Amino acid sequence: MRILIIEDEQPLAEAVSQLLMKQKYITDICLDGNSGLDSALTNVYDLILLDIMLPNLDGFEILSTLRKNSIMTPVLILSAKEDISSKVKGLDLGADDYITKPFSSEELLARIRSLYRRQFKSHNDNCIVFSDLRLNISNYELSCGKNSVKLGLKEFIVAEVLFHNTNQIISKDLLIEKVWGLDSDAEYNNIEVYISFLRKKLYHISSKTEIKTIRGVGYRLEAGDD
Ligand code: CA
């Protein structure tokens, strides 16, 4: 999961980033409003942590611009403004949740997990389900019935993107962006390697689900025949 942190207090931004990286989330930090909006408009994130009081463009303006541009990425507002009216304003503008500074690491992580579950309507705590497979987002375990296997971080990210888009074809470019980031020089064969690792793991756990190659386009997760 890729998270954008828009927060002008650099020590706080870095502490949050460290905390999230320990949970194996991938993070980007923007320290002012303009660069935050720019990143949110041009990259694909799974979640945005958004401060309100920011240099040159505040969090409310960023949020309303994103929603006007139909960018519906979940937004968790991090703010020192604890008055009710700014919470209401944030939620009315389309924020998904609101946390008041100072907050504990545990609370922040719990809210992130909760937003994630809400976004993808996973069938039970911390698992995304497709066909005969369950992908556990907290321990990166992929299971089929009683069989299970641990995924590495990059395998997990690829699997996560496939699970969340089972009705469409996923391009190799999108997978590269999700796994290595926009500016990476990763190539198609890097993705092909991880797809082949995942296929081996599906075989290993005796799943009937397949990662189909759509020639020249990308991949799609498909339930196998019974
Ligand atoms: Ca601030």
Side-chain angles (χ1 to χ4, degrees), residues 1-122 126 137-138 153 156-157 160-161 164 174 177-184:
M1 164 139 105
R2 195 171 191 92
I3 300 179
L4 175 63
I5 303 165
I6 308 177
E7 165 61 67
D8 62 320
E9 278 172 61
Q10 193 164 357
L12 176 62
E14 282 170 4
V16 167
S17 171
Q18 290 292 327
L19 173 73
L20 298 178
M21 286 193 301
K22 263 190 214 148
Q23 306 295 314
K24 300 194 177 170
Y25 297 129
I26 298 166
T27 61
D28 289 334
I29 297 176
C30 290
L31 297 170
D32 69 277
N34 281 338
S35 69
L37 178 61
D38 194 46
S39 275
L41 286 172
T42 53
N43 298 295
V44 180
Y45 291 101
D46 300 294
L47 176 68
I48 299 170
L49 302 183
L50 180 63
D51 184 25
I52 295 296
M53 303 292 283
L54 289 164
N56 63 47
L57 193 63
D58 72 28
F60 293 133
E61 291 169 279
I62 292 174
L63 180 57
S64 74
T65 307
L66 290 178
R67 296 307 188 232
K68 273 182 206 144
N69 282 276
S70 303
I71 293 178
M72 306 314 283
T73 309
V75 169
L76 172 56
I77 290 181
L78 312 174
S79 175
K81 298 186 101 190
E82 51 211 334
D83 57 301
I84 300 284
S85 66
S86 66
K87 286 186 189 181
V88 170
K89 185 173 176 189
L91 295 170
D92 279 349
L93 284 171
D96 298 87
D97 200 0
Y98 197 112
I99 188 168
T100 306
K101 296 177 202 169
F103 47 80
S104 72
S105 307
E106 291 74 19
E107 185 182 3
L108 178 64
L109 292 175
R111 284 177 188 253
I112 289 174
R113 286 192 299 269
S114 151
L115 281 174
Y116 187 93
R117 285 197 298 269
R118 228 190 291 166
Q119 186 187 4
F120 298 112
K121 300 180 193 74
S122 52
N126 301 324
I137 60 168
S138 53
L153 175 61
F156 171 76
I157 296 170
E160 189 189 29
V161 175
H164 286 151
L174 176 68
E177 185 185 329
K178 286 281 190 177
V179 177
W180 286 280
L182 260 192
D183 304 325
S184 87

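Note that the structure is a prediction, hence the values are computed from the model and not measured. Both ligands and their constituent atoms are indexed starting at 1 by order of listing.
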Checklist entry - salt bridge (charged side-chain N to carboxylate O under 4.0 Å, His left out) between Arg113 and Asp97: does it pass, once the steps are laid out? => result CA-CA 12 Å; Arg113 286 192 299 269; Asp97 200 0; over 6 Å; no
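Taking the Ca ion (ligand 1) as reference, the nearest N/O/S atom within Asp8 carries the name OD1. Within Asp51, the N, O or S atom at minimum distance from the Ca ion (ligand 1) carries the name OD2.
When Asp51, Leu47, Leu49 are each tested for a side-chain contact (heavy atoms from CB on, under 4.5 Å) with Ile5, only one passes: Leu49.
Checking Ser79 against the Ca ion (ligand 1), every N/O/S atom stays at or beyond the 3.0 Å cut-off. Residue contacts to the Ca ion (ligand 1): Glu7 brings no N, O or S atom closer than 3.0 Å.
The residues Glu160 and Lys178 are annotated as not salt-bridged, no charged nitrogen and carboxylate oxygen being separated by less than 4.0 angstrom.
Residues Leu12 and Lys101 have side chains in contact (heavy-atom distance under 4.5 Å, counting atoms from C-beta outward).
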